[in-house]
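Read the structure below first, then the notes.
Letters go in sequence order (proteins before strands), and every chain restarts at 1. Computation of the quantities below employed the complete heavy-atom set of this structure, encompassing side-chain atoms and omitting hydrogens, waters and symmetry-equivalent molecules.
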2 protein chains.
Amino acid sequence: MKKAKPTIDDVAALSGVGRTTVSRVLNNGPNVRPEVRMRVLEAVEKLQYKVNAQARFLAGGRSQLLALIHASDLDSEPNSYYYSGLELGALRACAPAGFQLLMHGVNQHSLDRVQKIIDFIASRRCDGVILTPPFSDDADLHQALLRQNIAHVAVSPGDGLRRQMAGVGMDDEVAGYEITRYLLGLGHRRFAFLQGLESHTSAESRYAGYRRALGEAGLSPDAMPTARGNFTFRSGADQSVDLLKGPQRPTALICANDDMATGALFAAHRMGLSLPADLSVVGFDDTPVSEVVWPPLTTIHQPIRQIGARAVEKLIEVLNGVESQEFGFEVVPHRLIVRESATQI
Amino acid sequence: MKKAKPTIDDVAALSGVGRTTVSRVLNNGPNVRPEVRMRVLEAVEKLQYKVNAQARFLAGGRSQLLALIHASDLDSEPNSYYYSGLELGALRACAPAGFQLLMHGVNQHSLDRVQKIIDFIASRRCDGVILTPPFSDDADLHQALLRQNIAHVAVSPGDGLRRQMAGVGMDDEVAGYEITRYLLGLGHRRFAFLQGLESHTSAESRYAGYRRALGEAGLSPDAMPTARGNFTFRSGADQSVDLLKGPQRPTALICANDDMATGALFAAHRMGLSLPADLSVVGFDDTPVSEVVWPPLTTIHQPIRQIGARAVEKLIEVLNGVESQEFGFEVVPHRLIVRESATQI
DNA sequence: CTGAAAGCGCTAACAA
DNA sequence: TTGTTAGCGCTTTCAG
């Protein structure tokens, strides 16, 4: 077993050049004779030398570290598909750019969450931060990050913050509008909407789109029942019972995400309804469960991995000073996935 | 907006003490008068000073960075619940110990995967590594890590490596044995088993347990049909058709994980079988889908988050030199979750 | 109890 | 085209 890890000086000594030259070779700098470059590379290979990223950073550069902030609360756990999709996309975009992802779970309800996040980033000297829901809607956090001059990008921020910081996401309002139009086209006139948590404003936009479509069709959104869940299967099952009982049962139920829609399906089965004949149910996201439940869920596909990847790419652009250019919100395309949970009335 | 970030010297100057004293306060060192400590802390607060983790590391200590290696291949994506559960558990165990998690996706089939991983860890100077399947079964990787003297711990390693490195996981063989016994108790005698990828040896152990139970019951495992999938819903649906057609259809199908079991349920429905009357299906893991499919899946619950957390804790123990003590494999408890997809024959 | 000095491994002027 | 010289911000001997 070798002694300590080889340093740049070891490489310099072995290849008989100065330390700076080795540094130049390592960073693909100019002004190095091919022959010398060769010699250095050989020494690197022989010594199994690896640059020390921390030392490199300390000497001036950037840390090449990006932080991904996500909620660590219990009630968001079932959304694992969403978060891991985001992460996978982000990870893939990091690799080619030479960045690394530092994960950080934060309790969204803690009072010192902003300070915690700032401390974390400042201490690790991350070059930038990716905010995921519900942190992408946290105005205080955005302000603090701005004040500290920390580059950041938001995943699916609500309308309020879209013009204030770089962001990526789908157009939830339009998505809500489209799926409602689809249901309207199927002949439905009695709706119910199962909303998510108020703090997730992108989910609120889905509801806004629904209202717009209803209004255009001459229906009154206020006359239709609504309820709120926390995006989980369980809450979908629980909250939809109230929505579905009563004399004037809706013929179509729109849920703010697939997990709740799945729960609604479950509850409807329990109530003895025959699906989709008695009730059409739709969701948003197109998560894996939507394909395996019965009946398979008609939903809006959200390109989660693409969103994660674009978030990283935008953040890197901001880091490189392109910020002035395109500071706005980037819309990634969604699409309606027609399966069998919604049918003509 | 301030100039550059405050350094330890700024704090020292403001509080009128030497740099060393500030360092002592920051690290809770001894030999500092309470009064002086107070003064330093105030300066830290006023300056909004944050230690620079990279500089701290460079000067001597550890990086307090742990790498979590996971597969980035396409065919493992559907297992997002598994990976994100592991990650969440790991993240939670990191926080109290002051460690941070660096995520790293690696293509498990690439030839230079070992080198890639080593380079990554060496360059970032991670203190240790958590290997998740299928990397936890990669003997070459283990050897390389050993050679480089890099601390590591494996999540659910196969029997082959369990005695060679620190590891955490459930007892897959016993789990396979138990669920088979359960089915046997229900009266089943004609079985089929849908295995996972050969490279995931912990999944292979589930099959081994199944064989043991069958053998003890006087049945010949070799007489029962088997097939292989890649852990996805799709492969479960595809592979189970062959298993289920033919004159002597099995009455019980055991799948190496829940996603495949869900696929099998789907295929069985398609074949017009009435479940669970015509066929009992069981899986492993107790992922969220297992609750929402029809019929709800009887399965083995695997405490994924706990495994992730224990992996980190063990790794930290190894880092602290407790390695000699408990170098072995730690078993976390599993349990049979009886739902409705398996029934008396 | 406290501080001065010596690095940790690297990059970036500045000379040569 | 190359090497010399300073630091980057921190921990750590080792003297006071």
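The side chain of V17(A) lies closest to dG3(D) when the candidates are dG9(D), dT2(C), dG3(D).
Side-chain contact between L102(A) and F120(A) is present, with at least one heavy-atom pair separated by less than 4.5 Å.
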Checklist entry - Can you give one letter per nucleotide of nucleotides 11-16 of chain D, going 5' to 3': B for a protein heavy atom under 4.0 Å from the base, S for sugar-phosphate only, - for none? => result BB----
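If you measure from atom CG of D9(A) to atom P of dG3(D), you get 12 Å, rounded to the nearest angstrom. Note: CG (N52(A)) to P (dC8(D)) measures 18 Å, nearest angstrom. Taking atom CG on L58(A) and atom P on dC8(C), their separation rounds to 13 Å, with Å as the unit. The distance from atom CG of D10(A) to atom P of dG9(C) is 9 Å, rounded to the nearest whole Å.
Within the 3.5 Å criterion, the main-chain N or O of G167(B) finds no donor-acceptor partner in the side chain of R162(B).
The shortest distance between the side-chain N/O atoms of N31(B) and the OP1/OP2 oxygens of dC1(C) is below 4.0 Å.
Using a 4.0 Å cut-off between a side-chain N of Lys or Arg and a carboxylate O of Asp or Glu, E42(B) and R39(B) do not qualify as a salt bridge.
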Checklist entry - Should F99(B) and D127(B) be marked as a side chain to side chain contact (heavy atoms under 4.5 Å, CB included) after you check the CA-CA gap, both sets of side-chain angles, and the distance that decides it? => result CA-CA 9 Å; F99(B) 279 82; D127(B) 291 335; 3.7 Å; yes
Checklist entry - Given the rule in the salt bridge (charged side-chain N to carboxylate O under 4.0 Å, His left out) test, do K314(A) and E317(A) qualify, once you have shown the distances and angles that lead to the verdict? => result CA-CA 5 Å; K314(A) 276 193 88 108; E317(A) 282 171 18; 5.7 Å; no
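In summary, the side chains of S72(A) and N107(A) do not present any donor paired with an acceptor at a separation below 3.5 Å, with no hydrogens or angles considered.
Looking at which nucleotide of DNA chain C each of R125(B) and G16(B) is closest to, the 5′-most match is held by G16(B).
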